[in-house]
Amino acid sequence: MSAEEKPLNFLEQLIKSDLEAGVVEKVVTRFPPEPNGYLHIGHAKSICLNFGLALKFNGACNLRFDDTNPAKEEMEYVEAIKQDVSWLGFSWDGEERYASSYFDTFYEWAVHLVNTGKAYVCDLNAEQAREYRGTLTEAGKNSPFRDRSAAENLELLEKMKAGEFEEGAKVLRAKIDMSHGNINMRDPILYRIRKQSHHQTGDKWCIYPTYDFAHGQEDAIEGITHSICTLEFADHRPLYEWFIANLPVPAKPRQYEFGRLNLNYTVTSKRKLKQLVDENYVDGWDDPRMPTIAGYRRRGYTPASIRKFCEMIGVTKADGVVDVAMLEHAIRDDLDKNAPRAMCVLRPLKVVLTNYAADKSENLTAPGHPQREDLPERTLSFSNEVYIDADDFREEANKKYKRLVLGKRVRLRNAYVIEADEAIKDDNGNIIEVRARVIENTLGNKPEDGINPKGVIQWVDAKDNTEFEVRLYDRLFTDAAPDSGDKNFLDFINSDSLVTLQKCYGEKGLAAAAPGEVFQFEREGYFCRDASEKTAGQCVFNRTIGLKDSWAKIENK
RNA sequence: UGGGGUGUAGCCAAGCGGUAAGGCAGCGGGUUUUGAUCCCGUCAUGCGAAGGUUCGAAUCCUUCCACCCCAGCCA
């Protein structure tokens, strides 16, 4: 289905009709992360949505840090977030924005609410406030401080701002309705006292606005037309609208909600991801097993594959769980089309070719990609000793096994057909070497005797190759829903999620692989030269994803 | 017993009163010097359930059921 045939999602339909009806002249969206952690695949969905909408409808999308809580936020995260959004391929409109740069305006607007009798300073502590708030089914009751005069409220607010009260001693609240069915409307908190310095504003403030008192106003200031957030904020929409209606804001943005992404076998909660990092279950936010943008990048996922995935899953208000196989399909599809091919032997088994001169060697050529003539050919060296994968040889096997078997033939990919004569074993009976013969004139030709090999395997010259480390990654969790119900996600960490293989042999051209470059190691999968500083000076390849393996299904039957 | 939201195949998802798109996964087959890719075929008499309106309902109405979110001075 072409792009123009693809049906519009509900937000695209909405924007299209808003544009046609003249409700807005130009669509402006925003991606508003809080800089309290690294971006993950769920954020990628939001990024693709917000930036994608702007692109599709010729609008603009801002990057805005929703930095209203200095206790949790750090500069490290704002830098990482900027890098990740850029890496995904999007450009925000102008400079990045910060909620904190509007703090003066927010304060003026708080004063405005106080002056219009719509906000008051409340002395209830957190516990008391909870009691007064009521429950989901019972109305709350008015705070005893609800009826302070505007003058008194103003004086107290100024003292809060001046740092004259301790944290938690007072808050500024909107005066709405303590019996409202929507708890967000029961006199929500606008400002709290936090005597902490902020990564952007330093020590200028000791009171900070809450999300509710900030978000819609940020949108209004920036001229956001469609403020898109996840479903759990739908309950906040009436409050969002209340502020827009009761404040002298320069525009009237509208909030819309969509269903956040859930992926099976994956945890996407910043808190839990942070725990995995802090407690060393993984090697940092960019560990290739992490569902973070940084993790996928290090793993070898391409920006295009992540964008494709986000397009595939769609945007709706239904909260479902997407099969991680969809993400895997997206990256396989991209890499199959674009990654240059190479050969690598993960578990080397030496094969000595007894009828090939021991002092001879030759250079063979192989296509860079079976379907892409634009990718350069590569040169493979060949000699009388090659490595093949230990899994590709058996002393005996049934007809389904299409690799090297004693007395049988196999094609060495891009090279000759060989026939195995003998398996050499050590004292424990382990096969340590195979002796085989090259079948004459089979480079590019079938055997002249008509006995064709059943299969093709990869190999590497044992005398001229590149040696490196390979890290095989698998899903981080063994359970499809590791954080559902009362489960503890840490109980389901896959102990085999990282298998490190030393002394893997790849064709010699791989020595020139650039950090971050991805190859298909034929018959194995896609592998990315690690680009992390953690492995600087070493040659390490991370497995992005294996090839689809129908043999595994046959074998496991 | 409150408020908000959602139910279309194993999963994601079109559908907007005219007779169930597409993708992922699966299954069967073909091509192949990658057990990959690619190609072909297959996969909902059924749209949470029951009633109703209509010539005609996944779409409209009624009732019911299930699931998700909300009682941070987090976002």
Contact class for A/Pro453 vs. all strands (heavy atom < 4.0 Å): base, sugar-phosphate, or nothing? nothing
Mind calculating the distance between CG (A/Leu380) and C1' (B/U33) to the nearest angstrom? 13 Å
Would you say the ring centroid of A/Tyr240 lies under 6.0 angstrom from that of A/His236? no
Near-strand residues of residues 439-449 of chain A, defined as heavy-atom separation under 4.0 angstrom from RNA chain B: A/Gly444
In whole angstrom, give the distance that lies between atom CG of A/Asp323 and atom P of B/A9. 15 Å
Can a donor-acceptor pair be found between the side chains of A/Glu257 and A/Gln255 at a distance below 3.5 Å? yes
Which part of the nucleic acid, if any, lies within reach of A/Val417 when heavy atoms closer than 4.0 Å are counted: base, sugar-phosphate only, or nothing? nothing
Rounded to whole angstrom units, what separation is found between the CD1 atom of A/Ile331 and the C1' atom of B/A36? 15 Å
Just checking, any donor-acceptor pair under 3.5 angstrom between side chains of A/Tyr132 and A/Asp187? no
Mind checking if A/Ala415 touches a base, just sugar-phosphate, or nothing, with heavy atoms under 4.0 Å? base
What is the distance, rounded to the nearest whole Å, between atom CG of A/Leu8 and atom P of B/G22? 18 Å
Need the pair for B/C60. Rule: Watson-Crick or G-U wobble, both distances under 3.5 Å, any strand; none if unpaired. B/G52
Does a side-chain heavy-atom distance below 4.5 Å link A/Glu419 with A/Arg409? yes
Atom NZ of A/Lys6 and atom P of B/C12: how far apart are they, to the nearest Å? 15 Å
Hunt down the Watson-Crick or G-U wobble partner of B/U34, both distances under 3.5 Å, from any strand shown, or write none. none
Please check if the distance between the ring centroids of A/Trp459 and A/Phe382 is under 6.0 Å. yes
Centre-to-centre under 6.0 Å for A/Phe521 and A/Phe541, is that the case here? yes
Give me the distance, rounded to whole Å, that separates B/U37 from B/C74 when you measure between the C1' atoms they each carry. 47 Å
A/Phe65 and A/Tyr98: aromatic ring centres closer than 6.0 Å? yes
For B/C67, which nucleotide is its Watson-Crick or G-U wobble mate, given both distances must be under 3.5 Å? B/G5
Specify the glycosidic conformation (syn or anti) of B/G72, with syn defined as within 90° of 0. syn
Closest to the A/Met326 side chain: B/A25, B/C12, B/A21? B/C12
Within the structure shown, what part of the strands sits under 4.0 Å from A/Gln520 by heavy-atom distance: base, sugar-phosphate, or nothing? base
Write down the distance separating the P atoms in B/A25 and B/U31, rounded off to the nearest Å. 23 Å
Taking the six-membered ring of A/Tyr208, is NZ or CZ of A/Arg194 closer than 6.0 Å to its centre and within 45° of its axis? no
Ring-ring centroid check A/Phe145 A/Tyr120, cutoff 6.0 Å: no
Contact class for A/Tyr401 vs. all strands (heavy atom < 4.0 Å): base, sugar-phosphate, or nothing? base
For the residue pair A/Tyr256 and A/Asp18, what are the closest heavy atoms and their distance? OH-OD2, 4.3 Å
Reading RNA chain B from 5' onward, which residue's closest nucleotide shows up sooner: A/Val315 or A/Tyr526? A/Val315
Determine whether a donor-acceptor pair (one donor, one acceptor, N or O, separation below 3.5 Å) exists between the side chain of A/Arg403 and the base of B/G35. yes
Any strand counts, and the cut-off is 3.5 Å on both contacts for Watson-Crick or G-U wobble. Which nucleotide pairs with B/A44? none
At under 4.0 Å between heavy atoms, which parts of nucleotides 68-75 of chain B does protein reach? Answer with one letter per nucleotide, 5' to 3': B base, S sugar-phosphate only, - none. SBBBSBSB
Determine, stepwise, if the pair A/Glu20 / A/Lys16 fulfils salt bridge (Lys or Arg N to Asp or Glu O under 4.0 Å). CA-CA 6 Å; A/Glu20 286 170 355; A/Lys16 183 166 179 276; 3.3 Å; yes
For the P atoms, the ones on B/U59 and on B/G51, what distance do you get once it is rounded to whole angstrom? 14 Å
Which sits closer to the 5' end of RNA chain B, A/Lys548 or A/Gln13, going by the nucleotide each is nearest to? A/Gln13
For B/A36 and B/A44, measure between their P atoms and round to the nearest Å. 26 Å
Over how many whole Å does the gap from A/Asp389 atom CG to B/G35 atom C1' extend? 14 Å
Which value, in whole Å, describes the distance between the P atoms of nucleotides B/A21 and B/A58? 13 Å
